[in-house]
Amino acid sequence: NGKKQTVRETAVRKILVVNSKGGCGKTTVATNLAVALAARGDDVALADADRQKSSLSWTKRRSRKLPAIESLNWTKAEDIGAKGKDLDAIVIDGPGGLRSELAKSLISQASDIVVPVLPSVFDWNATLKFLKGISDIKRVRKGKADIHLVANRVNRRSSQVNDLEIHLAKKGYPVLCRISDRVLYAKHAAAGSGVFDFSDAQSHEVRGQWHPLLQAVD
């Protein structure tokens, strides 16, 4: 009919999972978050910006029978933004710390910043310093990127998580959700899968813990 068709462009959601404190379960959160988005039909990529490249190894183990998750190597600053197709979301397994230009570049583009923290006094103090550093970055300071704290590897019989939430809330950083410490996550990590890939009883039991985070990043 001679009329020009216009395509409405939508921004890709970039969800950065990051914390300067090692051992907080950053890759576990990133991979399961990517799985949750892919399982509901989103076109998702998992970008690895950590020198250990754990997320890249995870995607190599992932079965083709499971919902597809594109793998991106963002371990170098010049590779940030490289992707093979149009996507709904990119989940980024971030580098440690804020000093590198890579970390600053990722934060300057992120729509959401997910910060896993363990219920330990050592992790609280390190994470608070990290959060203060993030808050000083222009994009976060202007409210263009939301920070979501996730209490990770929570032992249901421990009272420390309550102390954690009170401590962080007093500093202005409320905890969004609690992810329990389960062997199930290690099993999924070894298989390149996540708790949203299967409908077994164990996976179903823990999926509800992720819903506040999934709602927050939508």
Side-chain angles (χ1 to χ4, degrees), residues 9-21 24-50 54-55 58-59 67 69-72 74 77 80-83 86-98 100 102-118 123 127-152 165 168-169 171-179 194-196 207-218:
E9 294 185 359
T10 56
V12 178
R13 282 175 294 155
K14 293 180 181 177
I15 305 165
L16 175 62
V17 183
V18 65
N19 193 338
S20 60
K21 183 70 173 66
C24 63
K26 183 168 54 69
T27 299
T28 297
V29 171
T31 53
N32 279 275
L33 184 54
V35 167
L37 297 175
R40 69 184 191 186
D42 287 1
D43 288 326
V44 182
L46 179 61
D48 199 333
D50 194 297
S54 298
S55 287
W58 178 88
T59 53
I69 296 175
E70 185 176 349
S71 178
L72 301 174
W74 283 9
I80 294 177
K83 60 186 181 68
D86 293 332
L87 297 164
D88 296 309
I90 301 174
V91 179
I92 307 161
D93 187 353
L98 279 174
S100 70
L102 175 63
K104 292 177 182 177
S105 179
L106 289 169
I107 291 171
S108 70
Q109 297 182 40
S111 54
D112 296 272
I113 301 170
V114 179
V115 182
V117 56
L118 301 185
D123 288 82
T127 299
L128 280 171
K129 291 179 182 178
F130 178 72
L131 290 169
K132 186 179 185 305
I134 287 179
S135 300
D136 290 337
I137 294 175
K138 185 178 180 180
R139 182 174 181 81
V140 179
R141 191 172 67 244
K142 290 193 171 184
K144 294 182 179 180
D146 294 324
I147 297 175
H148 311 296
L149 259 66
V150 175
N152 196 29
E165 292 188 358
L168 292 175
K171 299 292 184 179
Y173 300 105
V175 172
L176 180 64
C177 61
R178 300 178 178 185
I179 305 299
V195 296
F196 286 85
R207 281 200 296 265
Q209 299 173 353
W210 292 82
H211 289 163
L213 178 59
L214 293 173
Q215 290 175 348
V217 301
D218 270 342

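Nothing here was measured: the structure is a model prediction, and the numbers come from that model.
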From [atom1] ([X]) to [atom2] ([Y]), nearest 0.5 Å:
| X | Y | atom1 | atom2 | value |
| --- | --- | --- | --- | --- |
| Trp210 | Asn32 | CH2 | CG | 4.5 Å |
| Thr28 | Ile179 | OG1 | CD1 | 10.5 Å |
| Leu118 | Thr127 | CG | OG1 | 7.5 Å |
| Leu128 | Asp123 | CG | CG | 11.0 Å |
| Leu213 | Ile15 | CG | CD1 | 7.5 Å |
| Ile80 | Ile92 | CD1 | CD1 | 7.5 Å |

task: Answer yes or no: is there a side-chain heavy-atom contact under 4.5 Å between Val35 and Pro67?
output: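 No; the side chains remain at least 4.5 Å from each other.
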query: Can a salt bridge be assigned to the pair Asp218 and Arg40 using a cut-off of 4.0 Å between side-chain N and carboxylate O?
result: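 Here Asp218 pairs with Arg40 in a salt bridge, since their nearest N and O are under 4.0 Å apart.
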Might you point out which heavy atoms bring [X] and [Y] nearest each other, and give the distance in Å?
| X | Y | result |
| --- | --- | --- |
| Ala216 | Leu176 | CB-CD2, 3.8 Å |
| Gln209 | Arg178 | CB-O, 3.3 Å |
| Leu149 | Pro174 | CB-O, 3.8 Å |
| Ile147 | Ser135 | CD1-OG, 4.5 Å |
| His211 | Phe196 | NE2-CE2, 4.5 Å |
| Leu46 | Ala30 | CD1-O, 4.0 Å |

task: Would you please test Val91 and Ile69 for side-chain contact (heavy atoms from CB on, under 4.5 Å) and show each step?
output: CA-CA 10 Å; Val91 179; Ile69 296 175; over 6 Å; no
- request: Apply the test side-chain contact (heavy atoms from CB on, under 4.5 Å) to residues Val29 and Asp93: give CA-CA distance (whole Å), side-chain angles for both, the deciding distance (0.1 Å), then the verdict.
  value: CA-CA 9 Å; Val29 171; Asp93 187 353; over 6 Å; no
- prompt: Between Lys26 and Gly94, is there a donor-acceptor pair closer than 3.5 Å when you use the side chain of the first and the backbone of the second?
  reply: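 Present.
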query: Counting N and O atoms only, with roles assigned by atom type, does the side chain of Arg207 sit under 3.5 Å from a partner on the main chain of Val195, one being a donor and the other an acceptor?
result: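 Indeed, once roles are kept as given, a pair shorter than 3.5 Å links the two residues.
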Distance-only donor-acceptor check, side chains Thr59 and Ser71, under 3.5 Å: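 Yes, Ser71 and Thr59 have a side-chain donor paired with an acceptor closer than 3.5 Å.
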message: Would you say Ser55 and Asp50 are linked by a side-chain donor-acceptor pair, where the criterion is simply a distance under 3.5 Å?
response: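 No - no donor-acceptor pair under 3.5 Å links their side chains.
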query: Yes or no on side-chain contact (heavy atoms from CB on, under 4.5 Å) for Leu87 and Asp43, after CA distance, side-chain angles and deciding distance?
result: CA-CA 5 Å; Leu87 297 164; Asp43 288 326; 4.3 Å; yes
message: By the definition side-chain hydrogen bond (donor to acceptor under 3.5 Å, both in side chains), identify the one residue from Asp88, Asp42, Asp112 that meets it with Arg13.
response: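 In the set Asp88, Asp42, Asp112, the residue that makes a side-chain hydrogen bond (donor to acceptor under 3.5 Å, both in side chains) with Arg13 is Asp42.
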- request: Give the intermediate values and the outcome of side-chain contact (heavy atoms from CB on, under 4.5 Å) for residues Tyr173 and Val115.
  value: CA-CA 11 Å; Tyr173 300 105; Val115 182; over 6 Å; no
